[in-house]
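Here's the structure, in structure tokens; my notes come after.
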Amino acid sequence: MRKAQRELLDEASEWRRLYEVELAARHEAQQRLENFAGELARVKEQLGRAQEQGWQLQGRDDEKFKVFFNASVDGIILLDGFGAFVEVNDTAERMFGFSREQLRGMYISQLMNWQVTGAALNDVQRTGHSRSEAQLRRGDGSLLPVEVVWGRVKHEGRTLVHGIVRDITERVKAVREISLAKEEAERAGRAKSLFLAMMSHEIRTPLNGIIGYTELLLDSELTEEQRENLGLIHRSGDLLLNIINDLLDFSRIESGHLDLEQVDFELIDCIEEVLGLHAAKASEKGVELTYDMTDGTPAVVVGDVARVKQILLNLVSNALKF
């Protein structure tokens, strides 16, 4: 049981690690997109002021803009209202696998799913921004998973759509690994549940025989010492049977079908039975096991007596051990 628990915890830990990697990648990507969007907004603002003042970027200012535009680690594309390419930076040219001249004669819908790009362009026209993920069909026919943050900008009296295109291959790979790890954990969980069910059945069969024969012996003529010893064997067998049944509870917990039994039982009898099972071990260590009931504690309580015994057994066992 402990080995199965450790394996399940290891698998859950690995799944959690992959999830955290994916989450960190998403946060980093989002932060970089926000930073770049801020830079682009500042450039747009500068362009707007320049147009209002009636001058165009020339000389050094023009060169600075080109350096910034082409040095971006993300692809930057400018489209007209119909989705035709107007301009791209060097990164987009490499990412798309087409030259600037080729792209200027193409539409974005030729390289990405038209439903995705159409929805994005509609959102930009309606709200001014959008975000989408798609498979980019490159010049060599290969597909590249990308994330695009869309916006709009006015230039020379017309509205253009700009897109910041980011390669998300690593993110998609991480998500796929997380999905595979989850599937593997689920398969391992199903295998564990099946194993526990089979083993529990195999163990319970002979154990029920031991408990049954012990009950038969208890009905025969015995000395007081024999009866006490057989009673201890019988209680230990019942306890072991409860532990085996608890193994099956793991699968019930995972499926959300674990039900706690609600029956009346005498709390003192439950405590004395637990202490009796540890009496021999306590005697070997020179320890006396006693209990004290707080005033007002009811004699009969309602609950799952088997699990109460299991909790008390673990507590007393650990106390004797440590």
Side-chain angles (χ1 to χ4, degrees), residues 25-53 56-57 62 64-139 142-172 175:
R26 284 180 177 270
H27 287 167
E28 181 183 359
Q30 185 63 34
Q31 186 61 47
R32 291 178 64 185
L33 285 172
E34 291 175 357
N35 293 341
F36 191 81
E39 291 293 331
L40 189 61
R42 283 191 286 274
V43 173
K44 287 163 56 179
E45 184 179 354
Q46 291 174 2
L47 286 172
R49 286 199 302 266
Q51 289 176 344
E52 290 174 1
Q53 294 170 4
Q56 300 294 328
L57 289 175
D62 190 24
K64 287 180 181 178
F65 176 77
K66 287 181 179 178
V67 170
F68 167 76
F69 185 68
N70 289 314
S72 170
V73 296
D74 296 315
I76 303 176
I77 59 177
L78 289 175
L79 311 173
D80 64 17
F82 298 99
F85 285 94
V86 175
E87 185 57 86
V88 299
N89 69 346
D90 290 348
T91 304
E93 193 175 10
R94 292 190 299 270
M95 187 181 292
F96 284 48
F98 292 96
S99 67
R100 278 186 172 83
E101 290 71 20
Q102 290 174 312
L103 287 171
R104 284 170 183 158
M106 300 172 67
Y107 290 85
I108 186 65
S109 59
Q110 294 175 258
L111 305 180
M112 295 183 192
N113 184 290
W114 67 270
Q115 292 177 327
V116 174
T117 55
L121 293 175
N122 287 335
D123 287 342
V124 170
Q125 296 297 332
R126 183 168 49 86
T127 65
H129 57 84
S130 182
R131 176 192 170 278
S132 56
E133 292 185 6
Q135 292 284 346
L136 171 64
R137 188 178 297 104
R138 308 181 71 223
S142 62
L143 296 177
L144 180 71
V146 295
E147 177 185 59
V148 188
V149 177
W150 307 90
R152 64 186 176 193
V153 59
K154 287 190 175 296
H155 179 65
E156 297 180 350
R158 61 175 179 164
T159 300
L160 301 179
V161 176
H162 69 79
I164 302 172
V165 187
R166 168 157 296 179
D167 181 353
I168 57 171
T169 301
E170 291 302 319
R171 184 194 305 177
V172 171
V175 171

Between [X] and [Y], what is the shortest heavy-atom contact and its length?
X	Y	answer
Gly163	Val148	CA-CG1, 4.1 Å
Glu147	Arg171	OE2-NH1, 3.3 Å
Val172	Pro145	CG2-CB, 3.8 Å
Trp150	Ser132	NE1-OG, 2.9 Å

Please determine whether side chain to side chain contact (heavy atoms under 4.5 Å, CB included) holds for the pair Val88 and Phe96, giving the CA-CA distance in whole Å, both sets of side-chain angles, and the decisive distance to 0.1 Å. CA-CA 10 Å; Val88 299; Phe96 284 48; over 6 Å; no
Test side-chain contact (heavy atoms from CB on, under 4.5 Å), reference Val161, set Leu121, Val153, Ile77, output is Leu121
Do any N or O atoms from the side chain of [X] and from the backbone of [Y] form a donor-acceptor pair under 3.5 angstrom?
X	Y	value
Thr117	Trp114	yes
Arg138	Met95	yes
Thr91	Val73	no
Gln102	Ser99	yes

Evaluate Arg166 against Glu133 for salt bridge (charged side-chain N to carboxylate O under 4.0 Å, His left out), listing each step before the verdict. CA-CA 9 Å; Arg166 168 157 296 179; Glu133 292 185 6; over 6 Å; no
Any side-chain heavy-atom pair of Asn89 and Asp74 under 4.5 Å: no
Please tell me if the side chains of Val146 and Gln135 come closer than 4.5 Å, counting only heavy atoms from C-beta onward. no
Side chains of Asp167 and Thr169: is there a donor and an acceptor less than 3.5 Å apart? yes
Determine whether Ile108 and Phe82 satisfy the following criterion, side chain to side chain contact (heavy atoms under 4.5 Å, CB included), listing intermediate values before the conclusion. CA-CA 9 Å; Ile108 186 65; Phe82 298 99; over 6 Å; no
Atom pair [atom1] ([X]) and [atom2] ([Y]), whose distance is rounded to the nearest 0.5 Å:
X	Y	atom1	atom2	result
Asp90	Ser72	CG	OG	10.5 Å
Gln115	Met112	CD	CE	15.0 Å
Leu136	Asn113	CG	CG	12.0 Å

Evaluate side chain to side chain contact (heavy atoms under 4.5 Å, CB included) for Phe85 paired with Leu79, printing each intermediate quantity in order. CA-CA 5 Å; Phe85 285 94; Leu79 311 173; 3.6 Å; yes
Which residues pass the side chain to side chain contact (heavy atoms under 4.5 Å, CB included) test with Glu87, sequence neighbours left out? Phe69, Leu78, Arg100, Arg104
Taking only residues two or more places apart in sequence, or in another chain, which ones meet Phe98 in a ring-ring contact (aromatic ring centres under 6.0 Å, His included)? none
